[in-house]
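Notes for the one structure printed next.
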Amino acid sequence: KRHLAALVAKNRRRRDLSEAGYMAFSKRVLKWRLIGEGYSSQLSIEDQRYIFRLAFRMWSEVSPLQFVEDTRSPLEDVDIRLGFGTGRHLGCNQRFDGTGQEFAHAWFLGDIHFDDDEHFTGPNTGSGISLLKVAVHEIGHVLGLPHIYRPGSIMQPSYLPQDSGFEMDWMDRRAIQHLYGGCKGRFSTVFDWIRKEKTPYGEVVIRFNTYFMRDSWYWLYENRNNRTRFGDPVALQIGWRGIPADGVDAYVHVWSRKRDAVYFFKGTQFWRYDNENDRVFRQDPEGHRYPRSISEGFPGVFSPIDTAFYDRRDARIYFFKNTLVYAFDVEANSLARGFPRSIRDVFPAVESGDHPDGNVDAAYFSYTHNTVFLLKGTRFWRVVGSRERRRRPSLQRNGLLPHKEVDEQWFDICNVHPTALRL
Amino acid sequence: EKVFHNRDHSDVQNFNSRQAEAITDKYAAELFLSRYGFIKPVNWEEIQLEDLEPSSHSDLLDDFEGIIQEGTSSHYSRDSRVFVSALEEFQRVSALPVTGVFDEATKEAMNKPRCGVPDKEVDPNDPVRSHRRRQSVNISVDVHESRAVRRR
């Protein structure tokens with residue numbers, strides 16, 4: 001009891017007012033542990049730890065919090081402690097009631113207790129109570145969420161048998177982000193990847209997927225659902241074989257009547273991607289070996305670059321480097337006349353002073369929005385297109401509309417702790 | 001160990017496990033409503049903190065039972081408006097027909113597996129909470145304190 005009292009005193013200081021003025025954890029990386037005296041008798045220890053790793057990761061995927069399992073530090077330095085018990089348990093003054101009714105409880109100070117008289121089961125097991133679902137719920141309490149009665153909320157007080165795969169819905173995500181803010185960060189590149197598919201009737205259809213890349217991992221963004229794919233981010237080397245594992249500077253898809261080539265750029269080199277075999281070319285059909293030097297493949301363009309995109313309207317690749325823009329004519333295989341030019345000339349500010357001013361992180365043509373976006377830091381600028389000019393003819397061609405925050409347009413692109421990348 | 005035969009422990013048998021007492025009557029229902037804050041918001045954080053003193057360690061359920069039995073009986077009884085109001089609130093948030101009656105549907109809902117954290121808590125973000133901690137808490141803590149004093 002004295003030990004717990006010391007923990008209480010210490011843990012009180014870990015809570016502070018969040019950005020929204022609510023009580024929440026004040027730090028962004030939290031340590032957790034399944035305590036040794038609190039193992040369940042129903043699942044193997046490894047299964048229990050795996051389920052908790054997954055539960056914490058699910059919260060990481062929708063919030064700016066990261067969680068790391070800590071099995072070494074002194075217990076008082078661990079932020080969230082989990083354990084199983086029955087009846088009187090783990091020094092807790094809230095006795096469990098046996099099989100049925102109460103299955104777990106959690107405390108703001110970071111302890112989560114599970115009633116081991118309940119029949120807890122692993123994910124995707126038909127009967128029993130899903131430990132994963134209960135853990136996600138209780139972690140929600142530890143983070144500061146109350147019970148929510150909305151159907152579909154993970155914070156409903158009563159347990160509902162798990163659907164084939166439960167996930168955090170839109171409102172639950174907003175609830176946790178109300179406490180801790182949205183997920184922000186710079187991106188290495190953003191692109192829509194075109195792929196061709198054959199229907200059962202043999203017709204070829206064109207589809208695209210949106211990808212956000214940051215350093216050594218990436219997310220697939222589901223535009224129709226306004227969120228990332230469940231379970232992302234993924235390590236770059238898993239989904240994009242052969243490109244630098246620590247990240248890229250740019251992605252360009254040259255797509256015209258005569259050409260269809262995907263390139264990744266990093267440093268002074270670039271790679272061509274083989275969509276058919278889902279990896280980079282070592283040697284493409286034209287006989288070029290990769291990686292190639294940017295100066296060799298795109299004469300006149302100085303590397304390393306910040307980012308690039310291909311504009312199908314004029315068949316040019318626009319390379320961005322510092323405050324300059326290099327427009328490369330793909331057909332002529334040379335820089336377009338008059339380039340390089342200042343970014344402010346090529347993409348003038350619609351509102352004076354509201355401009356990225358160079359060193360852009362990503363240039364992204366979105367098929368969803370049919371427009372180009374320039375991203376820098378946590379902000380983005382939308383490039384004036386034909387639709388905007390129809391509404392406001394006074395807008396300059398390729399002007400940059402006033403900036404917005406990336407996380408107000410693309411939601412929940414959240415990091416997880418590196419140890420959680422592979423569970 | 002609990003006996004099992006399947007590799008994934010899916011058939012684990014709980015011969016000796018306790019069964020939670022089913023909520024079958026209004027008395028138990030009142031305890032339920034009180035425990036989870038429907039009669040009066042629970043100061044959940046206060047409860048976990050107070051009992052770290054060995055001398056004041058007690059069973060919360062006993063405290064709630066003590067409330068019903070001992071005595072500030074003027075606060076509520078089974079047929080009181082407070083109980084009915086709490087029951088209706090529980091029915092409302094549980095998407096049940098709001099009858100104010102401890103009916104079968106309500107009984108079933110109360111007996112479902114659920115989280116032990118109260119549904120209605122004293123707002124932890126109340127800026128004056130720290131000053132009202134001793135005054136705003138419900139009868140359970142008053143009785144708890146008096147019992148703790150008696151114990152000492």
Side-chain angles (χ1 to χ4, degrees), chain A residues 1-2 4-5 7-8 12 15 17 20-24 41-44 47 86-88 91-109 111 113 115-119 121-122 125-129 134 137-138 141 144 146-147 149 151 155-160, chain B residues 1-4 7-14 16-23 28 32 35-37 44-45 47-63 90 92-95 108-121 123-127 129 144:
Chain A
K1 291 282 168 54
R2 283 194 292 275
L4 284 171
L7 286 180
V8 165
R12 269 182 168 149
R15 293 221 171 227
L17 290 178
Y22 290 91
M23 288 291 286
S41 61
Q42 304 177 67
L43 298 162
S44 70
D47 281 351
T86 60
R88 284 257 169 257
C92 179
N93 68 352
Q94 284 287 88
R95 188 179 65 182
F96 279 133
D97 54 6
T99 306
Q101 294 177 38
E102 185 175 340
F103 51 65
H105 51 232
W107 308 100
F108 286 131
L109 300 178
D111 284 358
H113 300 156
D115 185 353
D116 210 26
D117 275 330
E118 305 298 337
H119 180 36
T121 55
T125 306
S127 60
I129 293 182
V134 171
H137 175 99
E138 299 302 330
H141 283 313
H147 282 144
Y149 304 109
M155 297 309 297
Q156 276 203 329
S158 293
Y159 177 81
L160 295 170
Chain B
E1 64 167 19
K2 292 180 182 177
V3 177
F4 60 90
R7 181 189 296 272
D8 63 359
H9 300 211
S10 57
D11 63 337
V12 65
Q13 295 162 40
N14 294 314
N16 299 319
S17 70
R18 286 154 290 213
Q19 292 288 326
E21 269 191 53
I23 297 167
F32 176 98
R35 182 186 186 99
Y36 294 114
W44 180 241
E45 199 162 329
I47 288 169
Q48 65 170 310
L49 294 177
E50 283 186 345
D51 249 359
L52 290 175
E53 296 297 322
S55 59
S56 64
H57 180 74
S58 66
D59 182 353
L60 188 66
L61 190 58
D62 290 341
D63 289 340
F90 173 77
R92 187 183 64 77
V93 300
S94 304
E108 187 183 341
M110 285 185 175
N111 282 293
K112 277 186 181 168
R114 63 156 288 146
C115 172
V117 175
D119 287 13
K120 310 281 181 184
E121 296 182 56
D123 185 1
N125 294 298
D126 182 349
R129 172 172 169 260
H144 170 80

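Please read all numbers here as calculations on a predicted model, not as lab measurements. Both backbone and side-chain heavy atoms feed into the values below; hydrogens, waters and symmetry mates do not. Chain identifiers are assigned alphabetically (A, B, ...) following the order of the sequence lines, protein sequences preceding nucleic acid strands; residue numbering begins at 1 within each chain.
- Interface remark: Pro146(A) contributes no atoms to any contact with chain B (heavy atom separation under 4.5 Å).
- The distance from atom OH of Tyr159(A) to atom SG of Cys115(B), rounded to the nearest 0.5 Å, is 13.5 Å.
- Shown here are the side chain to side chain contact (heavy atoms under 4.5 Å, CB included) partners of Asp47(A), two or more places apart in sequence or in another chain: Leu43(A), Ser44(A).
- Not one N or O on the side chain of Gln19(B) forms a donor-acceptor pair closer than 3.5 Å with the backbone of Gly100(A).
- Interface residue His105(A): backbone and side-chain heavy atoms are both found under 4.5 Å from chain B.
- Contacts of Phe32(B) classified as ring-ring contact (aromatic ring centres under 6.0 Å, His included), with partners at least two apart in sequence or in another chain: Tyr36(B), Phe90(B).
- Atom CZ of residue Arg35(B) and atom CD of residue Glu102(A) lie 5.0 Å apart, to the nearest 0.5 angstrom.
- Atom CZ of residue Arg114(B) and atom CD of residue Gln156(A) lie 11.0 Å apart, to the nearest 0.5 angstrom.
- His147(A) and Val117(B) get closest at one heavy-atom pair: CE1-O, 2.9 Å.
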